[in-house]
Amino acid sequence: MIRTIVIGAGVMGASVAYRLAQGGAAVTVLEAARIGGGTSGISFAWTNAHRKPPKPYHDRPAQRENIEHLRSWGYTAEWITLRQVQELEPDIDPATIGDAPVAFFPQEGWLDPVVYAHAMLSAARRRHGATIICGARVVDLIMAGDRVTGVRLADGTQYKADIVVNCAGRWTNEATRHAGLHLPLAPTVGFLVFTPPVAASLSRVVRTPVIDMRPDGAGRLMLIADTTLSFDAKLSPAMPEARDWVRRARQLLPSIGEVEPEAVRIALRPMPTDGFSAIGPMPRTSGYYIAITHSGVTMSPFLGAVVADEIVGGRQRAELADFRPARFFN
């Protein structure tokens with residue numbers, strides 16, 4: 001039985017841990033804070049496989065090009081009429097749409113990342129005997145020559161393993177003091193605004209030139225848009241950016257009325273410097289595997305399975321060929 005340590009209990013760590021345990025590995029999950037307490041818990045959590053062009057989303061030629069590009073890959077995408085929009089989301093003011101083209105992606109949705117991570121880890125523990133330890137911050141890898149044999153926590157506790165899988169997201173490099181094992185990262189800032197419970201029946205992710213939004217449970221809406229805020233910005237529901245975003249939401253959904261922001265959150269989203277996921281064995285050592293992606297909410301169910309297939313099944317997955325961490329060290 002392969003002794004495996006998974007660092008991080010967000011959506012990625014939870015998916016990897018469950019699939020490893022399901023595959024027969026002895027799994028210990030070490031989480032610095034709480035389940036879903038990192039970037040996973042501060043995420044728009046839109047499940048999609050969109051190409052993200054550099055032009056604004058409302059640029060009509062770019063939008064049409066994007067739809068045709070997705071269709072050519074077999075991605076479910078279609079153009080719908082204003083009447084169909086009103087049938088799907090009756091609270092959206094049709095005047096804000098006018099004659100603009102509207103694309104619909106029936107298979108897309110959104111996820112509650114903390115609920116998902118908890119469900120996966122609970123299943124890993126109950127069904128397959130995994131151990132989940134919160135409040136366990138990994139500060140270094142234990143090395144025997146060029147092989148990783150375990151981890152050391154901030155309180156000095158050590159855990160031994162045959163392989164360590166780092167799913168710590170933007171905190172990936174904090175798990176080792178060995179600079180040669182650091183992955184080049186360029187995190188991006190995510191800023192979310194939440195309304196109080198409002199009178200709107202929004203049921204799916206809506207992207208517009210005005211604001212992007214989705215339901216967040218209990219009648220609340222989650223809002224996101226481009227921002228120039230820095231990660232250390234002073235946050236308050238009364239900040240101008242938050243109030244402006246709620247004002248924009250009211251343009252689309254007049255039924256929410258005169259409402260003020262209830263909460264705001266900001267996070268650094270994990271991103272390797274070239275903008276692509278890094279999944280695979282870390283070069284210059286053995287027994288150390290990296291799984292970091294900006295698309296954890298969308299990709300973690302698939303990535304959990306293929307990572308376990310490589311570690312437990314001993315098979316190299318061809319789908320990961322372009323996303324190996326080794327590309328940063330060649």
Side-chain angles (χ1 to χ4, degrees), residues 43-111 188-217 219-229 239-261 264 269 275 294-295 297-298:
S43 170
F44 192 59
W46 174 31
T47 56
N48 74 95
H50 267 46
R51 179 176 60 90
K52 297 178 174 62
K55 294 182 179 181
Y57 185 79
H58 62 274
D59 185 321
R60 294 188 188 187
Q63 186 185 19
R64 292 188 184 279
E65 180 185 343
N66 187 35
I67 296 300
E68 296 311 314
H69 185 75
L70 292 170
R71 281 177 164 177
S72 72
W73 284 357
Y75 196 81
T76 306
E78 58 191 72
W79 298 106
I80 62 174
T81 65
L82 185 57
R83 181 176 178 178
Q84 289 173 302
V85 172
Q86 292 178 289
E87 292 173 351
L88 291 168
E89 296 292 350
D91 287 332
I92 292 179
D93 183 358
T96 63
I97 299 175
D99 64 351
V102 179
F104 179 49
F105 306 92
Q107 295 181 344
E108 294 183 357
W110 59 276
L111 176 75
T188 60
V189 174
F191 179 61
L192 299 174
V193 176
F194 300 81
T195 71
V198 292
S201 60
L202 193 74
S203 61
R204 51 181 55 82
V205 174
V206 174
R207 295 197 70 200
T208 77
V210 178
I211 195 75
D212 298 346
M213 66 175 75
R214 69 163 175 83
D216 193 47
R220 291 173 171 81
L221 300 177
M222 180 188 293
L223 315 176
I224 190 170
D226 291 335
T227 181
T228 58
L229 290 173
M239 62 196 299
E241 294 86 354
R243 300 185 74 178
D244 177 57
W245 287 13
V246 171
R247 178 191 60 77
R248 297 191 210 177
R250 193 164 57 246
Q251 289 180 243
L252 291 170
L253 300 171
S255 64
I256 70 176
E258 297 291 331
V259 64
E260 295 292 326
V264 295
R269 298 173 293 208
H294 180 58
S295 304
V297 166
T298 299

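Below, each value reflects all heavy atoms present in this structure, side chains not excepted, and no hydrogens, waters or symmetry copies. Throughout, numbering of the chain's residues begins at 1 and tracks the sequence.
Nearest heavy-atom pair, Q251 versus T96, reported as atom, atom and distance to 0.1 Å: O-CG2, 3.1 Å. Here the closest heavy-atom approach between residue G98 and residue L82 is recorded as O-CD2, 4.3 Å. When all heavy atoms of L223 and W245 are compared, the pair lying nearest together is CD1-O, 3.6 Å. Contact detail for I97 and V85: the closest heavy-atom pair is CD1-CG1, 3.7 Å. What you find for W79 and P101 is that their closest heavy atoms are CZ3-CB, 3.6 Å.
Distance OG1/T208 to CE/M213: 6.5 Å, rounded to 0.5 Å.
Taking the side chain as every heavy atom from C-beta outward, P106 and E78 approach each other to under 4.5 Å. Within the 4.5 Å cutoff, the side chain of V102 has no heavy atoms near those of the Q84 side chain.
Residues satisfying the salt bridge (charged side-chain N to carboxylate O under 4.0 Å, His left out) test with D93, not counting sequence neighbours, are none.
With hydrogens and angles disregarded, no donor-acceptor distance shorter than 3.5 Å links the side chain of R214 to the backbone of M222.
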Show which side-chain atoms of residues 188-206 pair as donor or acceptor with protein atoms under 3.5 Å away, not counting sequence neighbours.
unit_1	atom_1	unit_2	atom_2	d
T188	OG1	R269	NE	3.2
T195	OG1	L221	N	3.0
S201	OG	D91	OD2	2.9
S203	OG	E89	OE2	3.0
R204	NH1	L88	O	3.2
R204	NH1	E89	OE2	2.9

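Applying the 6.0 Å contact sphere to CZ of R247 captures more than 12 heavy atoms from other residues, nucleotides or ligands. The environment of Q107 atom CD is sparse: at most 12 non-hydrogen atoms of other residues, nucleotides or ligands sit within 6.0 angstrom.
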